[in-house]
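First the structure, in the form of structure tokens, and then the observations on it.
Numbers restart at 1 for each chain; the letters A, B, ... are given by sequence-line order, proteins then strands.
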2 protein chains.
Amino acid sequence: MSNRKPVITLENPTVEKAAEFIKEALSKRKAVILVGNCWVDYKGRASSKLEPGERIVMIKEDGSVLVHRPFGYEPVNWQPAGCLFQTSARGETLQVRASRKNPSESVKISFDKVFLLSSMSLIDRGEFSLHASESDMQRAILFDPSLLEEGFKPISYEKKVEPGFVDVYGVDREGRLVVVEIKRRTAGRDAALQLAKYVNFVKTVTHRELRGVLVAPRLAKGVQTLLTRLGLEFKSLEPKKCADILRRSETLKLVDFFEKKQP
Amino acid sequence: MSNRKPVITLENPTVEKAAEFIKEALSKRKAVILVGNCWVDYKGRASSKLEPGERIVMIKEDGSVLVHRPFGYEPVNWQPAGCLFQTSARGETLQVRASRKNPSESVKISFDKVFLLSSMSLIDRGEFSLHASESDMQRAILFDPSLLEEGFKPISYEKKVEPGFVDVYGVDREGRLVVVEIKRRTAGRDAALQLAKYVNFVKTVTHRELRGVLVAPRLAKGVQTLLTRLGLEFKSLEPKKCADILRRSETLKLVDFFEKKQP
DNA sequence: TGCTAAATCTCGAAC
DNA sequence: GTTCGAGGTTTAGCA
């Protein structure tokens, strides 16, 4: 066992003790958790005021700050990574100010009571992998183009056109060009319009016959009508199915690898 | 002083102690903070795997869960409010599973070491107010239409048209119809296209002369060209200025109120 | 409930 | 640096 002590905790510290503790921790690039009664002022891209209440404040080693109320997924106030901190005890209040430039903004958090104060150096090199993202769907279609339709042949992907990027670009069995727009969930009006934009652009640079296909698990209400009006098509495809196919393709590669290595 | 003890803390608890403590806390609808070495599996709209590492886990009283790595604003895994929890100690691992229906998904967090475990009942009724949002800009223009231009008269706002909602809709001093699209920050190509969409629609239902004005603090590069090509206009307006005007209008109302109350 | 658009969106990649 | 688009986006508002 290691005798590393990654977390140091104070319960109900005075405002002065808390300020010292936080300064020390931040100077060592540790993360800090603060629980107590506080109020918050934010000025920057917008401005906000949060009246007093009991909250959880998290300061991370990269200089990001989160103020969490006891409910809800989102922090009520925050600041992204890269902040500089000023911590002080002024009379009965502990004040932590996090500021950054570009955009210039700052969050001032004031406590009149701290229930819990912890500092910690956390070691986290664990890999994070997410499956069934839009790019997984794209890769699955490139790996197995019949997911789109029999006879489809991809030419390129993430192809730059004037208005943006075409997800997948290819030729169908009849030799017609196909522009494919992929969405990982129910596709709305915006997806149809985005595809139309790309198709219209490609029309200006080619005289070949051209199809536009929107790939998504399903369409929002009214979007099929819009697609039809725009002369576009819809192909239903589940992101999970794509993730499965990719997983299988990885397995195949592994099998391949071992067959080569151990003949 | 109150003798309420809102926070209870354990340092380096065993897996069994931790499981008991968490079950107890969640049954009382308390919030829980866990710091330790953990790995996470998520299955639901997508699926993800997070390899072991030291992280901060927050479970709130409304059943939301956040897994935070020691860096970055965003949680690496999470679950929104309304989850049900299963907590267990299995051999050397503490397992917390948060699941919900609609969409059906679950996050499984497994710890093999807990550094810090706290439960807390936080009281937070503080009011939160945010200024300088897009709707503040809209309200400011409705309150003082000369922010757009002298002689502008709003007719309606959030008006539904086929492609979406027109932010503000009015008449200029020459009697021409004006469609206004508001952005609270640098407006990009998409904002210009959105405005064009609305203007084009309104053109199909009226024969009156029609202007489209994009209101934003500034334009992204190349967007002025696009606007000109589309026959649209740009009016620079700072969200802060709008917030100030709204604040002043609130003050005016207060002044009004007191003058009526105390003649 | 479903859909639309905003957000102090954040984050990453590409130019 | 700016711009663009994805996100397990979340959240709020409205039909």
Side-chain angles (χ1 to χ4, degrees), chain A residues 40-48 64-67 72-82 98 100 102-107 128 130-138 158 160 163-167 181-191 193-194 218-223 239-240 243, chain B residues 40 42-48 64 66-67 71-81 100 102-107 128 130-138 158 160-167 181-191 194 218-223 239-240 243:
Chain A
V40 186
D41 283 282
Y42 159 71
K43 284 194 197 317
R45 289 165 289 178
S47 57
S48 72
S64 49
V65 190
L66 305 163
V67 181
Y73 159 82
E74 289 188 327
V76 59
N77 281 111
W78 71 91
Q79 209 53 223
R100 63 165 178 156
N102 210 339
S104 162
E105 45 185 7
S106 81
V107 168
F128 177 71
L130 178 69
H131 304 288
S133 63
E134 181 175 311
S135 71
D136 284 333
M137 293 180 73
Q138 190 188 83
E158 294 301 326
K160 177 96 183 84
F165 294 86
V166 170
D167 287 341
E181 173 66 27
I182 301 171
K183 293 292 163 197
R184 66 170 307 285
R185 21 172 236 173
T186 307
R189 207 165 297 238
D190 55 339
L193 292 171
Q194 198 175 337
R218 67 202 64 80
L219 293 179
K221 203 169 20 172
V223 178
K240 283 232 169 146
Chain B
V40 186
Y42 158 72
K43 283 194 198 317
R45 286 166 291 177
S47 57
S48 72
S64 50
L66 305 164
V67 181
F71 42 83
Y73 160 84
E74 291 185 325
V76 59
N77 281 110
W78 71 92
Q79 207 56 223
R100 63 164 179 158
N102 210 334
S104 162
E105 45 185 7
S106 83
V107 167
F128 177 71
L130 178 70
H131 305 287
S133 64
E134 181 174 311
S135 72
D136 283 332
M137 292 180 72
Q138 192 188 81
E158 294 302 324
K160 178 97 182 86
V161 295
E162 169 49 30
F165 294 86
V166 170
D167 287 342
E181 174 65 28
I182 301 171
K183 293 293 164 197
R184 66 172 307 287
R185 23 172 233 172
T186 306
R189 205 161 303 211
D190 55 338
Q194 200 177 337
R218 67 202 65 80
L219 294 179
K221 207 170 17 179
V223 177
K240 284 232 168 146

*So what does A:Lys43 touch, heavy atoms closer than 4.0 Å: a base, only the sugar-phosphate, or nothing?*
nothing
*Using whole Å, report how far CD1 of A:Ile182 lies from C1' of D:dA6.*
13 Å
*Across the strands shown, which category fits A:Tyr42 at heavy-atom distances under 4.0 angstrom: base, sugar-phosphate, nothing?*
base
*Please work out if A:Glu105 contacts a base, only the sugar-phosphate, or nothing of the nucleic acid, heavy-atom cut-off 4.0 Å.*
base
*Could you check whether A:Lys240 gets within reach of a base, just the sugar-phosphate, or nothing at all, counting any heavy atom under 4.0 Å?*
nothing
*Should the pair B:Arg45-B:Glu105 be classified as a salt bridge under the 4.0 Å nitrogen-to-oxygen rule?*
yes
*Checking all strands, does B:Asn77 fall into the base, sugar-phosphate, or nothing category for heavy-atom contacts under 4.0 angstrom?*
base
*asked:* Does A:Ser47 reach a base, just sugar-phosphate, or nothing at all? Heavy atoms under 4.0 Å.
replied: nothing
*Assign B:Gly164 to base, sugar-phosphate, or nothing according to its heavy-atom contacts below 4.0 angstrom with the strands shown.*
sugar-phosphate
*asked:* So is the aromatic ring of B:Phe165 stacked onto the base of C:dA5, judging by whether the centres are under 5.5 Å apart and the planes are under 30° apart?
replied: no
*Across the strands shown, which category fits A:Thr186 at heavy-atom distances under 4.0 angstrom: base, sugar-phosphate, nothing?*
nothing
_By nearest atom, which of the nucleotides C:dT8, C:dC3, C:dC11 is closest to the B:Glu74 side chain?_
C:dC11
*When all nucleic acid strands are considered with a 4.0 Å heavy-atom cut-off, which category describes B:Gly72: base, sugar-phosphate, or nothing?*
sugar-phosphate
_Nearest-Å distance for atom pair CD/P, residues B:Gln138 and D:dC14_ = 10 Å
*Would you check if A:Arg100 and A:Pro80 make a side-chain contact, meaning some heavy-atom pair closer than 4.5 Å?*
yes
_According to a cutoff of under 5.5 Å between the ring centres and under 30° between the ring planes, does A:Trp78 stack with the base of C:dT8?_
yes
*Can you tell me how far C1' of D:dG5 sits from CD of A:Glu158, to the nearest Å?*
9 Å
*Touch check for A:Arg184, heavy atoms < 4.0 angstrom, all strands: base, sugar-phosphate only, or nothing?*
sugar-phosphate
